[in-house]
Every structure is written in structure tokens, then in C-alpha cells.
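Chain identifiers are assigned alphabetically (A, B, ...) following the order of the sequence lines, protein sequences preceding nucleic acid strands; residue numbering begins at 1 within each chain. Side chains included, hydrogens not; waters and symmetry mates left out as well; all remaining heavy atoms used. The model shown is predicted, which means the values in this text are computed figures rather than measured ones.
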2 protein chains.
Amino acid sequence: MPQSSAPRKTLGRPPRISREEVVTTARRIVDAEGVDRLTMRRLATEIGSTPMALYHHVRNKEELLVLLLDDYATRTLHRPELPAQPRERIVAAAATIHEALAACPWIVEVLTADDLMAPSALWFVEQIVDGLVECGLSPERAVHGYRAIWYYTAGEIVVRVTAAQRRTDDDRPTYRERVFADLDPSELPRLAQVADQWSPLTAEDTYLDGLRALVDGLLAPC
Amino acid sequence: MPQSSAPRKTLGRPPRISREEVVTTARRIVDAEGVDRLTMRRLATEIGSTPMALYHHVRNKEELLVLLLDDYATRTLHRPELPAQPRERIVAAAATIHEALAACPWIVEVLTADDLMAPSALWFVEQIVDGLVECGLSPERAVHGYRAIWYYTAGEIVVRVTAAQRRTDDDRPTYRERVFADLDPSELPRLAQVADQWSPLTAEDTYLDGLRALVDGLLAPC
DNA sequence: ACCTGAACACCGTTCAAGT
DNA sequence: ACCTGAACACCGTTCAAGT
């Protein structure tokens, strides 16, 4: 793996671009034009080099995206004052992660990578796991609880972001709208009842309500 | 939009391929080799035609994927006997959807499309919304409750499927493993404590536990 | 109405060679 | 050690023409 931070022991051609420059330039492209426009070729021309030069600094495009997420997390995920009460601490930590992710929609491509295991996010994971343990869960159940919170959080981001993308793409009625339009009220009475409110209702941001419900449910046996 | 099912009013060149044939062939490719291998060109050669012929039967690749999800849902999502008790009915309906999605990992590409609004899935959505209303939630809160369940379900699928993909891709230590390996126990004591159990713990299928916690939490105020 | 051929405007990545 | 040029093996989609 290329290590631009390691001391140079052997002499060779001096590097013209650094891993950091690659990541910074990639960030600029993504911020300005969206993640779809980030290609190795585009990045190379932007940086004044060739596609292949990049491969000396990142293993491949996927690694570049993970580095980008790390970079983003390090820059924006500052540790807030969290409530002392453990239940509220869990909610606040999850909400902070959620807020940071929601503000950078391109993340969806990378989000699903592993966990959100950017080093700067680990502190929040710690707070959540610790809060669950303090509330009486075993370490094992606390990890499972964190995962449930993570599934819920990642799902909310993925669903909301991609729905938003589709809305701007074109203005024909969405597939969902067509399906709701010819709904049989005798077969699906509840859905028919809420059909015309569905869009505004699902557009509301209810992340926090659902999060509280989930945390309450996870802590209920205690 | 092409309507192969509509009666042919004007005479013209008789169609050689149908929308149904396109979808069926696409399904065969996806089942056999994964969604990555489904390209318009590959599909065209498989069907014995040219890429452009496909565009007379589907608007574009995205529509093809939505049709594929519908097709899959129609074939596999059969209505089970659901428990009469509303809380258990909600859990069972969500679990059935989850099971169907988990069995077809290529879904992740499409999942995020809108809601899971395949017509054959609507019955399950109805059961969930109805169960929540029967438990005392207002229709509005019931829709929000369904959304929370959907976020959790979609998130679980997305995270698990992509984690599995990455595992098979290569056998180097994952990014997560590297991050966990050099964890500072004085800074992140809980994570350090569970570090070596993290992989097995997160590999466990705890979807149902989290789902029950979420549903309990949603119904708690009642 | 439906299909074809050729082209447009791209991708990520590898290989072999240069400095 | 780092970078370049050229190539490989692809993409989705459009356009203009054929039947």
C-alpha cells in the first residue's frame, strides 16, 4: 500500500501528486457536481495527471470512496456535548451521525460499505454501546442494539436520498404514484384511506420519532 | 410507453420480442450470474437481438430493474396466514417481506428506488398499517410507523448484502478489521471490550429482535 | 410499429515502457 | 518510485435508416 506519510528510504522519482491531493480533489468534484461525476479519468485531468497515476496512491475507486467518507467524517463530525442520561445520550449520538450523513447525499454509495467505521465515527458508536450497557444490556445485546440503530439510520438515509434523486430526475408521475392511483379500496382499505396523504406524510422527517421508538423498545426489558 | 398487452390497432412490423420476454431473460441472467452482469448489451445478445430493440419494450435500464423486482415479488411473495393479534401481524408481515428480500441480494440496486411499491407487496404494507391502527395509532402515525419499519428493514438488507459482497471479493482484512485492530482501549473502552467478538456478533441474524423492539416502541404510548 | 447498424461519449483497470 | 501512453474490454443511449 502506498504510504505517503512514511519516511522515504529509497530514492526514486519524486512524487508529483499525493494521496491527500487525490482525496481533496475528489472531494471538490463530488461537492461541486455529485458523486456520479467522480471518475478516475475526470479526477486525473482535474489533478493534471493521468488515470494511472492515481493507482499509485489509491488501490482502486472503492478505496477512494472510503477515503472520501473518512475525510468527510473527520472534517464534519465534531464531538458534541452529549446528555448524561444514557437513553438520551444514545438518541443524541445516533441523531448526530444521522445528521452528518443526511447532509452529504453522495454517501449512499459508500455507506453500505461496511459499518460506518470511519475512525472519527467510532466515538459515537462507543457512546451508543456504552449507553445501552449502562441501561442494563449485556455487551452482546448492546452490540446488537447498536446494529439495529445503524440499520434504521442507514435505511432512512438510503431511502430518503434515492427518493430525492428520483424526484429531480424527471417530473412524470413516479411508479409509486401510479400504483397508488389505481388502488382497490375494497382490497386495501387502509392504504386507500391514506393514499392522497401518502406523499406528504412520507416526506416528513420522522427519523427522531422512529429512533426514540426503537431505543425505547430496545431498553424495554430493562 | 410500449404496451405489448394492448390490442394492436395499427398494423406494422410484427414484434419479434415482447416486454415479458425481456424481463424473463433478464431474470435468468440475474439469477445465474448476478445483477452486475445484467447489461443491456448482454441482455440483447442473450435474447438474440440488438441493444436498441430493448428500448422499444422498456424505457431504460432503471425501468427494467423495477419490472424485475415486480416480477420477483409476484412470483415469490405469497400471502401467508397472518396472526390475528395485530402486534404479531405487523411483525409477521414485515418479517415475510424481509425474508423475500434477503433471499434475492441483487435487490439492493432497486430497493432504494421508491418504497417497496411492487403491487404484490402492497398487501403486506396494508397489514402493517392496519395493525398499527388497530393498536390505537392514528392513520398518520401508522404511516410513519410503517416507514420506520421499512427503513429498518431496508437498512438491514442493504448493510448485510453489501457486507457479504465485500467478504467474497477478496480475503485481505477489511477496512473495519483494520480499524478495530488499532483501537485505543483508554479512549473507546466498550468497543475495545467487544472488539474480538464484533465480527461474529454482527454476523448473527438479529433482524427479528430489532423488529420486535421497534414495533414495541412504536406501540408503547398505546 | 418494430428492428438494425453505426456511432457517441464515456467507463475502470492493466501492461509495458519511460525517467 | 513514480508517472505516461496506449490499449483492453467494456458501458447506456441516441440517431438515422430500413422493413
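Scanning for salt bridge (charged side-chain N to carboxylate O under 4.0 Å, His left out) contacts around B:E33 gives B:R37, B:R42, with sequence neighbours left out. With sequence neighbours left out, A:Y72 forms a ring-ring contact (aromatic ring centres under 6.0 Å, His included) with no residue at all. For A:R16, the side chain to side chain contact (heavy atoms under 4.5 Å, CB included) criterion is met by A:R13, not counting sequence neighbours. With sequence neighbours left out, the side-chain hydrogen bond (donor to acceptor under 3.5 Å, both in side chains) criterion links A:R41 to no other residue. Every side-chain hydrogen bond (donor to acceptor under 3.5 Å, both in side chains) that A:Q193 has, sequence neighbours left out, goes to A:R190. With sequence neighbours excluded, no residue satisfies side-chain hydrogen bond (donor to acceptor under 3.5 Å, both in side chains) with B:R28. Listed by chain and number, the residues in a side chain to side chain contact (heavy atoms under 4.5 Å, CB included) with B:D209 are B:T206 (sequence neighbours excluded). Residues that satisfy the side-chain hydrogen bond (donor to acceptor under 3.5 Å, both in side chains) test with B:D182, not counting sequence neighbours, are absent from this structure.
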For nucleotides 17-19 of chain D, give me every protein contact, N/O to N/O, under 3.5 Å, one pair per line with atom names.
unit_1, atom_1, unit_2, atom_2, d
D:dG18, N2, B:R13, NH1, 2.7

Please enumerate all protein N or O atoms sitting under 3.5 Å from an N or O of nucleotides 8-13 of chain C, with distances to 0.1 Å.
unit_1, atom_1, unit_2, atom_2, d
C:dC11, OP1, A:T39, OG1, 3.2
C:dC11, N4, A:R41, NH2, 3.4
C:dG12, OP1, A:M40, N, 3.4
C:dG12, OP1, A:K61, NZ, 3.0
C:dG12, OP2, A:M40, N, 3.0
C:dG12, N7, A:R41, NE, 3.0
C:dG12, N7, A:R41, NH2, 2.8
C:dG12, O6, A:R41, NH2, 2.1
C:dT13, OP2, A:Y55, OH, 2.6
C:dT13, OP2, A:K61, N, 3.2
C:dT13, O5', A:Y55, OH, 3.3

Applying side-chain contact (heavy atoms from CB on, under 4.5 Å), run through A:R75 and A:R27 and close with a yes or a no. CA-CA 12 Å; A:R75 281 182 305 111; A:R27 185 175 85 214; 2.9 Å; yes

N/O donor-acceptor pairs under 3.5 Å from side chains in residues 93-101 of chain A, not counting sequence neighbours:
unit_1, atom_1, unit_2, atom_2, d
A:T96, OG1, A:A92, O, 2.7
A:H98, NE2, A:E156, OE1, 2.6

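Rounded to whole Å, the distance from CZ on A:R16 to P on D:dC2 is 13 Å. Between the P atom of C:dC2 and the CD atom of B:E21 lies a distance of 14 Å, rounded to the nearest Å. When the P atom of D:dC2 is taken as reference, atom CD1 of A:I47 falls 14 Å away, rounded to whole Å. Rounded to whole Å, atom P of C:dA1 lies 13 Å from atom NE2 of B:H57.
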Let me check I have this right: for DNA chain C, each base becomes ., (, ), [, ] or |, based on Watson-Crick or G-U pairs with both distances under 3.5 Å. What is the full string? ||.|||||...|||||.||

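The C1' atoms of C:dA9 and D:dC10 are separated by 13 Å, rounded to the nearest whole Å.
When all heavy atoms of A:W106 and A:D31 are compared, the pair lying nearest together is NE1-OD1, 4.4 Å.
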